[in-house]
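First the structure, in the form of structure tokens, and then the observations on it.
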Amino acid sequence: MTNFNKYIKGLGVCLMLLLTGPISYAQTENTGILESLDASKIMIILVLVVMLLVLLVAFYLLVILQVMVREDAIRKAKEKGIEYVEEPSAWSKFYAGLTDAIPIEKENTIVLDHDYDGIKELDNHLPPWWKYMFYASIVFAVIYLYMYHISGSLPLQTQEYEIAMAEAQANMSSAEEGSSVDESNIVFSDDPVVLASGKTVYERNCVACHKAAGEGGIGPNLTDEYWLHGGSVQDIYNTVKNGVPDKGMIAWKDVLSP
Ligand code: HEC
């Protein structure tokens, strides 16, 4: 029964992992990449970890069961005074079924009478796994032919390309519609949200020349009564959009959205 004891120990280790796994996980929860995960994701990961451990334990129990059955069979064989012959495992049966190979001892049953300078030829079966793939590819080909070329329910490559182009076109025109602001329809807004976003745009792009308070530096003062290009909201929009390239004011229409 020493084998059996070994497996029981293994089961113990599994159970320890099951109990301590989630705890050690919880301890690392506040550090590193885990910080960026939200609670629901952490829950999902935890559940997955627990599921994995439960599966591990179930697998171990199965192995233990197999060992017990085997030792019982050996004992019974001994009682009857016959030698215990192990049954081939499910895996080796499955593998043999997939390859359908003739064992080396029986090779002489499939030797062909072709003899090339002492090199002989065996009449092996095609491996069933290969045959099944071949049959599956035939079935696939029929379905493929029907879907793409007969019923036309799935798009061919050129059609796929055309659909993608049409989608991109539609996206582009809807994006243009969404930003239909220009000189003719722009209005002043004192909505704090709009002002705040304008402030960030200014701080990012304009401070270098017009200075933080708009008092002017390389670019002119924007806070006094005097305007070079007009002080109405339409004029200012026009100056910012098209710039004054000759005098060093950039045209912002390619950088900022309307
Ligand atoms: C590279 C320096 C530079 C940057 C950056 C810059 N400007 Fe200018 N800006 C100028 C110059 C120079 C002028 C004056 C043009 C002229 O003399 O006609 C000017 C003129 C203007 C005017 C017209 C002022 C008037 O009196 O009519 C406005 C409005 C303006 N800028 C707004 C902006 C805004 C908004 C930004 C940021 C998105 C910006 N500028 C970024 C250099 C700059």
Side-chain angles (χ1 to χ4, degrees), residues 1-18 21 44-164:
M1 280 309 240
T2 50
N3 243 348
F4 187 68
N5 284 343
K6 206 172 74 196
Y7 283 109
I8 288 290
K9 253 187 217 159
L11 181 65
V13 171
C14 269
L15 280 174
M16 289 238 305
L17 272 177
L18 180 63
I44 291 173
I45 295 176
L46 270 181
V47 168
L48 284 179
V49 168
V50 171
M51 266 165 60
L52 197 82
L53 291 170
V54 168
L55 264 178
L56 218 67
V57 170
F59 180 72
Y60 238 104
L61 286 174
L62 200 77
V63 171
I64 291 177
L65 199 73
Q66 262 182 350
V67 170
M68 282 169 73
V69 168
R70 190 167 162 266
E71 288 190 357
D72 193 49
I74 293 177
R75 192 176 46 79
K76 274 194 187 140
K78 249 190 207 149
E79 271 171 17
K80 282 188 200 154
I82 49 173
E83 206 196 330
Y84 171 72
V85 194
E86 193 160 2
E87 254 192 41
S89 71
W91 168 251
S92 57
K93 271 190 228 161
F94 173 70
Y95 188 76
L98 273 188
T99 57
D100 196 15
I102 306 288
I104 280 187
E105 312 86 62
K106 293 185 191 157
E107 248 174 20
N108 52 357
T109 61
I110 54 164
V111 169
L112 294 175
D113 49 3
H114 302 166
D115 192 332
Y116 309 94
D117 295 338
I119 299 172
K120 292 187 176 148
E121 199 181 334
L122 295 179
D123 185 18
N124 263 313
H125 296 146
L126 283 172
W129 67 263
W130 187 89
K131 270 195 280 184
Y132 298 148
M133 262 169 59
F134 181 57
Y135 297 146
S137 67
I138 294 175
V139 173
F140 176 80
V142 171
I143 297 173
Y144 184 94
L145 188 78
Y146 180 75
M147 297 295 258
Y148 281 92
H149 294 282
I150 298 174
S151 80
S153 52
L154 289 172
L156 290 168
Q157 271 183 349
T158 43
Q159 290 164 332
E160 247 175 55
Y161 170 77
E162 274 152 23
I163 292 170

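These values consider heavy atoms only, across backbone and side chains, with no hydrogens, waters or symmetry-generated copies.
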Got a second to check how far [X]'s [atom1] is from [Y]'s [atom2], nearest 0.5 Å?
X    : Y    : atom1 : atom2 : result
I143 : I138 : CD1   : CD1   : 12.5 Å
I44  : M51  : CD1   : CE    : 11.5 Å
I102 : N108 : CD1   : CG    : 10.5 Å
L154 : Q159 : CG    : CD    : 10.0 Å
F140 : L145 : CZ    : CG    : 11.0 Å

CG/L62: more than 12 non-hydrogen atoms of other groups inside 6.0 Å |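 Yes, because the 6.0 Å sphere around CG of L62 holds more than 12 heavy atoms from other groups.
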Would you indicate whether E79, at its atom CD, is surrounded by more than 12 heavy atoms from other residues, nucleotides or ligands within a distance under 6.0 Å?
->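 Counting neighbours around CD of E79, more than 12 heavy atoms of other residues, nucleotides or ligands fall under 6.0 Å, so yes.
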Taking side-chain contact (heavy atoms from CB on, under 4.5 Å) as the test, write out the residues that go with [X], two or more places apart.
X    : result
L126 : W130, K131
S137 : F134
A96  : none
F59  : V63

Please walk me through it: do Y132 and W129 pass ring-ring contact (aromatic ring centres under 6.0 Å, His included)?
-> CA-CA 5 Å; Y132 298 148; W129 67 263; 9.7 Å; no
Salt-bridge criterion met for R75 and E71 (N-O under 4.0 Å) =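 No.
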Would you say H149 and L156 make side-chain contact, with heavy atoms under 4.5 Å?
->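 Of all side-chain heavy-atom pairs linking L156 with H149, at least one is under 4.5 Å.
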With sequence neighbours excluded, tell me which residues meet side chain to side chain donor-acceptor pair (under 3.5 Å) with T109.
->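 Residues passing side chain to side chain donor-acceptor pair (under 3.5 Å) with T109: none at all.
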Report, one line per pair, each donor and acceptor closer than 3.5 Å where one atom sits in a side chain of residues 115-124; sequence neighbours left out.
{"unit_1": "D115", "atom_1": "OD1", "unit_2": "G118", "atom_2": "N", "d": "2.8"}
{"unit_1": "E121", "atom_1": "OE1", "unit_2": "H114", "atom_2": "ND1", "d": "2.8"}

Output, in order, the C-alpha distance, side-chain angles, deciding distance and verdict of side chain to side chain contact (heavy atoms under 4.5 Å, CB included) for V139 and Y135.
-> CA-CA 6 Å; V139 173; Y135 297 146; 5.6 Å; no
Do you know which two heavy atoms are closest between S153 and S151, and how far apart they sit?
->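 For S153 versus S151, the nearest heavy atoms are OG-OG, 3.0 Å.
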What is the minimum heavy-atom distance between P128 and G97, and which atoms define it?
->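 It is CG-O, 3.3 Å.
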